[in-house]
Amino acid sequence: MQRSQGSLETRSSTGTQTDSMQGQVPRLSKVNLFTLMSLWMEMFPSDKLDRAKKKTQTKKTGLVVVSNMRIIGLHCSSEDLHAGQIAVIKHGSKLKDCDLYFSRKPCSVCLKMIVNAGVNRISYWPSDPEMSLQQEFLEHTSNGDAKLDAKAVERLKSNSRAHVCVLLQPLACYMVQFVEETSLKCDFIQKIEKKQPLFSTGLFYEYRQEKIKEFETRFLISSEDTHKDILRLMGLENLCENPYFVSLRQNMKELVLILATVASSVPNCCDFGFYLSDPQPNSEESQQSLSQEMALHCIIQARLLAYRGEDHKTGVGAVIWAERKFGGVDCDGTGSLYFLGCGYNAFPVGSEYADFPHMDDKQKDREIRKFRYIIHAEQNAITFRCNEINPEEKTMIFVTKCPCDECVPLIKGAGIQQIYAGDVDIGKKKADISYMKFGALTGVRKYTWQQHPQSLLSANQAGDGTKENGV
Ligand SMILES: Nc1ccn([C@H]2C[C@H](O)[C@@H](COP(=O)(O)OP(=O)(O)OP(=O)(O)O)O2)c(=O)n1
């Protein structure tokens, strides 16, 4: 069986990640992963006033640039520039043959340039486009610019070599349920549950409900009629007929639900955040760390990547960002942060599904366990990075699980200066994989998911003297 690039997404498994899955472990297709990443990039935190909040017809847009099915750019529009313009500035002629995933259909200004650059495919989320048509329908005072732009986009599309299309794919069976169950069981929620006995599943669902509402308002169009009007203006009249329209809306709703669930798995609440594992008194550490909002955003990217992991039992995702120090203009909506690479755990590139064992250490025979063959999320992120790691700049890796003993020296040796990670397995020595080195790692700042040090201090003063993580 050929390892898929986005087709077969359900595997039978010996170990189960969830009880109700009955051995079926669904994965996100690459196309859906790129689409979700583009939606999430639209929500990249910005220090500047969010354009979406301002009264403007141009909506903030997220973009994922993909070359040979690998992500080489994560961007979002800024105050002055659209996502497509940023792609041209950042990648130039390297855009040739790339696939671009937009969270909104790009406007004609962007489209003419990216088509001209020779991109292979432009996929967009079929909701309100970058030049908002929803506002055009709602505000009768508008000057019709968005409708004119939609027409220009259609003309560019029909004359271009690039395929401009909607690439959503139906989700694998049980995917929504799987994401819900694994989000509840993930390291971040587990840690809150362990430390805060008052945290309950109910709280997770409440938090998720808020996220669902927020994301639905941003990414869906509540009125079916308005949605159809917009699709028609975008040249998608075929999708306005049933059963296609109903299934399109259902598919979009499920993807938004997945995004909201994953975002809720690292909640910005309960006094938890990414704090230094071993804080140095009076050091400048606090000035050098990212804002909690930014750290959460990046770890959620890694959580999304984890749903593409090839290990039946444990999906892991990693993403590397760096902060530009010298020169360069911050034209991207990501400010001084720029994307370096990302990955998830998988068997070596080009291997066939049956080439390697998939068993874990609970099975007896060591020879037929997965551990010697699987490439870890961090290893893939470092190997397939699209920019060099500059030791003078702050480079950060965000990984959903504690880096293991294979990866710790790799991360340090690569010159990565900060690790943001889950650390639930820290100090564990399993049969074929160990997490012993992370605790002793020096020279790299380790930010782990824990209770705010101040509230921990108060708890300790009140008599609870347990040391966080044993780090
Ligand atoms: N920082 C890390 C840690 C692990 N992995 C990957 C490598 C393996 O595919 C899987 C191993 O995960 P576990 O250590 O959780 O081992 P099991 O999957 O056997 O689960 P269990 O915790 O039940 O032993 O995760 C990774 O990519 N990056």
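As the structure lists them, so they are numbered: ligands from 1, and atoms in each ligand from 1. Computation of the quantities below employed the complete heavy-atom set of this structure, encompassing side-chain atoms and omitting hydrogens, waters and symmetry-equivalent molecules.
With atom 1 (N) of ligand 1 as the reference point, the heavy atom nearest to it among Lys430, Glu378, His376 is part of Glu378. Between the choices Ala377, Ala431, Cys404, the shortest heavy-atom distance to atom 27 (O) of ligand 1 belongs to Ala377.
When only modelled atom types and interatomic distance are considered, Arg104 and Thr61 share no side-chain donor-acceptor pair under 3.5 Å. No hydrogens or angles considered: a donor-acceptor pair under 3.5 Å links the side chains of Gln418 and Tyr420.
Distance alone, capped at 3.5 Å, is enough to place a donor-acceptor pair between the Asn345 side chain and the Thr314 backbone. Between the Arg303 side chain and the Thr400 main chain, no donor and acceptor come within less than 3.5 Å of each other. With hydrogens and angles disregarded, a donor-acceptor distance shorter than 3.5 Å links the side chain of Lys60 to the backbone of Phe44.
Here the heavy atom of the protein found nearest to atom 25 (O) of ligand 1 is Val316 CG2, 3.5 Å. For atom 9 (O) of ligand 1, the closest non-hydrogen atom of the protein is Asp311 OD2, 2.6 Å. Of all protein heavy atoms, the one closest to atom 23 (O) of ligand 1 is Lys313 NZ, 3.0 Å. Of all protein heavy atoms, the one closest to atom 6 (C) of ligand 1 is Asn345 ND2, 3.5 Å. Of the protein's non-hydrogen atoms, Thr314 OG1, 3.5 Å is the one closest to atom 20 (O) of ligand 1.
Short contacts between ligand 1 and Pro403, defined as distances under 4.0 Å to a heavy atom of the residue, involve ligand atoms 1 (N). Below 4.0 Å from some heavy atom of Cys402 lie the following atoms of ligand 1, by number and element: 1 (N), 2 (C), 3 (C). Heavy-atom contacts of Tyr435 reach the following atoms of ligand 1: 3 (C), 4 (C), 12 (O), 13 (P), 14 (O) (cutoff under 4.0 Å).
Among the atoms of Asp360, none of the N or O lies under 3.5 angstrom from an N or O of ligand 1.
Stacking of Lys446 on the aromatic ring of Phe438 is recorded, both the 6.0 Å distance cut-off and the 45° axial limit being met.
Contact annotation: Lys370 has at least one heavy atom less than 4.0 Å from an atom of ligand 1. At least one heavy atom of Phe371 sits less than 4.0 Å from an atom of ligand 1.
Below 30°, between 30° and 60°, or above 60°: for Trp125 and Phe219 the angle between ring planes is above 60°, a perpendicular geometry.
Shown are Arg27, Lys370, Arg369; of these, the salt bridge (charged side-chain N to carboxylate O under 4.0 Å, His left out) with Asp311 is made only by Lys370.
Ion pairing of Arg372 with Asp432 is present here, as a side-chain N (NZ or NE/NH1/NH2) and a carboxylate O approach within less than 4.0 Å.
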